[in-house]
Structures are given as structure tokens and as C-alpha cells.
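First up is the structure itself, then whatever we jot down about it.
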Amino acid sequence: MKLLTLNCHSWQEENQLEKMKCLAQTIKQKAYDIIALQEVSQSIKAPYVYNNIKYDNFAFVLLQELKKIGVMDYTFIWDFSHIGYDVYEEGLAILTKHPIIEDFSFFVSKSTDTNYWKTRKIVGAKIRYHDSALSFYSCHLGWWHDEEEPFQKQADLLLQHVKQEELFFLMGDFNNNAFIQGEGYDYLINQGLYDTYHLAKEKDDGVTVKGKIAGWDNNRHDLRLDLILTNQPVTVKYSNVIFNAKNKPIISDHFGVEIEVEGI
């Protein structure tokens, strides 16, 4: 099973459509089973296509791009977390080529006001994979030292919502640098989660952010913010950073992470 997570920085990138085409071509080439996307935006003023999906929803447009290149087997779920840049409904998405049994959407922030940019929501899907039911969550959490919306409280709420008795994967931008000890990353691991990066037989340096980006305005270091975590010690063939100019062109202010899980 192949998984991809990417913070898209959608509709904020120069040459956005060309970068989306690169993402679509990569999805076609790699044939991921599950794709978790964060910062998946749509315009507040755009017309609805169906349900809560608007005409310029980044995931919806991505699916149209995939169809143009002959990839017809993906569906997606999306929900919006908060207003971004005054003009967008910013949210999260799960794309999959497998049947969705159940979908999830829930707040993990103290705030549930979608007008507040620190409001955080999680989007998830339980899918049928062979004879198993597996759950995947697209996550975009806050910062460890944030006094208004502390990461620890959000992590606790996230873990209260997930179904602990089943195999699940938490995928996304956790806004905590895995290279720093004693903060959000260690907190997650201490809750009994496994980092698929460390489970992987083959791996690279894991760096998913270089330099200053939104939310990390003073950053001068390499960061590993984007993770794929799980609640069981699964067998991971590889964990690769992607869209980092070494493995595919850069298409966002975050690099992505791709893994392959064996034996499930």
C-alpha cells in the first residue's frame, strides 16, 4: 500500500496549475492508495458544485486534472477548517482509489470558529482494503508553544477521536519539528504512536521544510514537520521525501512524504 501526504499551499503558489499538473502526473505514475492533503482551499465566493465542494476546490480541480490524463479511479472527501487569507475556505482532503466505508471530520482546536485562522479540523476516511478496514486521517495541527491553541491539547483530542482498536494512519503537517526533543513530536511518540520514517527499511534525511515559510517566519533550519504516524509497528519498505527538487520538482512550501507499507 502506497501513501502520500502533502501540504499543498494551494492557490498560494506561483505557476500553481503547472505544479498541480506535476502532482497529477506523479499520482498517475505512483498510483498511491491513499493521499492526505492539507491547505486544500476553495474560494469563499466560488459557486458550489455539490455538497460543500466549490468549483475551484483544489482537490476537485486536481481530480479533473487526473481525469484528463486518464486516471479515473480516485474519489475524495474534504472539509474546511478555517478562513485563509480572507478569501479562501482552507481545509483538508483524503483521496483514495479504494471504497470509502465511513468518513470523519472533527475539530481538535479549542476554537470552532471557522473565521479564526488557528481553528483546526481533522478529516479522515475508513476504507476497505482487501479484507481489512483501515482508517486514515489528514492532519494539520498547531504549534507546541502556542498559548491560545496548544499542540498538546489538539493531539489529545485527535487521539480521543481515532479508533484505537483498529489500524490507523495519521498523515500530515504536524507543525512540530521531529528533530527537536521534548516537544510535539516526542509527545506523539510517547502516546504509543509509531513513526513510519523510523520503521522504514530505506529512508532519506526526512527534511520536509527548508528556510522560512508561513508559520515558521524565523526559521533557519531544516525541519521535519510532515509525518506519517501509525498505531501499529507495520512493515514499511521505504519512506521518501518527495517534491523536494531531488525527488520530483518543488510544488509547495512543504515537501511531501511517500511511503510503502507491506503486509496489510
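The basis for the numbers below is simple: all heavy atoms, side chains too, and nothing from hydrogens, waters or symmetry mates. All values derive from a computational prediction rather than experimental measurement.
Between the side chain of Y74 and the main chain of Y32, a donor-acceptor pair closer than 3.5 Å is present. No donor-acceptor pair under 3.5 Å is formed between the side chain of S109 and the backbone N or O of Q154. When atom types are taken as modelled, the side chain of K110 and the backbone of E148 share a donor-acceptor pair closer than 3.5 angstrom. Using a distance-only test at 3.5 Å, with no hydrogens or angles considered, a donor-acceptor pair links the side chain of Q42 to the main chain of N52. Between the Y55 side chain and the F60 main chain, no donor and acceptor come within less than 3.5 Å of each other. Within the 3.5 Å criterion, the main-chain N or O of S81 finds no donor-acceptor partner in the side chain of T114. The main-chain N or O of N7 is found under 3.5 Å from a side-chain atom of Q38 such that the two form a donor-acceptor pair. D73 contributes no side-chain N or O that, together with a main-chain N or O of K97, makes up a donor-acceptor pair within less than 3.5 Å. In this structure, the side chain of K28 engages the main chain of I69 through a donor-acceptor pair within 3.5 Å. With hydrogens and angles ignored, the 3.5 Å screen pairs no side-chain donor or acceptor of T119 with any backbone N or O of H82.
To the nearest 0.5 angstrom, E183 atom CD is 11.5 Å from Q152 atom CD. The CD atom of E260 sits 5.0 Å away from the NZ atom of K237 when rounded to the nearest 0.5 Å. Atom CD1 of I250 and atom NZ of K210 lie 9.5 Å apart (nearest 0.5 Å). Distance CD1/I35 to NZ/K2: 11.5 Å, rounded to 0.5 Å. K30 contributes atom NZ, which lies 4.5 Å from atom CD1 of I242 (distance to the nearest 0.5 angstrom). Between E39 atom CD and S138 atom OG the span is 10.5 Å, to the nearest 0.5 Å.
No chain of hydrophobic side-chain contacts below 4.5 Å, direct or via other Ile, Leu, Val, Met, Phe, Trp or Tyr residues, connects L62 to F255. L225 and Y187 fall into different hydrophobic clusters, where Ile, Leu, Val, Met, Phe, Trp and Tyr residues are linked whenever their side-chain heavy atoms come under 4.5 Å apart, directly or through other members. In the hydrophobic clustering of this structure, L223 does not group with F179; members are Ile, Leu, Val, Met, Phe, Trp, Tyr whose side-chain heavy atoms approach within less than 4.5 Å, directly or through other members. Residues L23 and V209 fall into different hydrophobic clusters, defined by Ile, Leu, Val, Met, Phe, Trp and Tyr side chains chained together at heavy-atom separations under 4.5 Å. Hydrophobic clustering of Ile, Leu, Val, Met, Phe, Trp and Tyr side chains at less than 4.5 Å, counting indirect connections, unites Y50 with L66.
Looking at every heavy atom in both residues, D204 comes nearest to Y197 through O-OH, 2.5 Å. Contact detail for Q232 and E166: the closest heavy-atom pair is NE2-C, 4.1 Å. Between G142 and F151, the shortest heavy-atom distance links the atoms O-CD1, 3.3 Å. In plain terms, the two heavy atoms of A155 and L188 that are nearest each other are CB-CD2, 3.9 Å. Between S41 and S10, the shortest heavy-atom distance links the atoms N-OG, 2.9 Å. Of all heavy-atom pairs spanning I122 and C139, the tightest one is CD1-CA, 3.8 Å.
Note: F58 and W11 have perpendicular aromatic rings, judged against thresholds of 30 and 60 degrees for the angle between ring planes. Classification of the Y88-Y85 ring pair by plane angle, with boundaries at 30° and 60°, yields perpendicular.
Crowding of H221 atom NE2: a count of heavy atoms from other residues, nucleotides or ligands under 6.0 Å not exceeding 12. Counted within 6.0 Å of CD on Q64, heavy atoms from surrounding residues, nucleotides or ligands total more than 12; the atom is thus considered enclosed. Crowding of K118 atom NZ: a count of heavy atoms from other residues, nucleotides or ligands under 6.0 Å exceeding 12.
Hydrophobic cluster of V234: the remaining members, joined at side-chain heavy-atom separations below 4.5 Å, are M1, L3, I34, I77, L92, I94, I100, V123, I127, Y129, L134, F136, L167, F169, M171, Y194, L199, I228, V236, V257, I259, V261, I264, listed by chain and number.
Tested against L95, the residues D33, L4, T75, L37 include a single side chain to side chain contact (heavy atoms under 4.5 Å, CB included) partner, L37.
The six-membered or imidazole ring of Y185 lies away from that of F174, with a centre-to-centre distance of 6.0 Å or more.
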For this session: List the steps and the verdict of salt bridge (charged side-chain N to carboxylate O under 4.0 Å, His left out) for E13 and K19.
Result: CA-CA 8 Å; E13 288 289 314; K19 291 177 178 179; 2.6 Å; yes
Problem set entry | Evaluation steps, salt bridge (charged side-chain N to carboxylate O under 4.0 Å, His left out), between K248 and E258 | CA-CA 12 Å; K248 304 295 183 181; E258 59 174 3; over 6 Å; no
Problem set entry | Verdict with reasoning, D195 to R224, per salt bridge (charged side-chain N to carboxylate O under 4.0 Å, His left out) | CA-CA 12 Å; D195 186 348; R224 189 162 80 89; 2.7 Å; yes
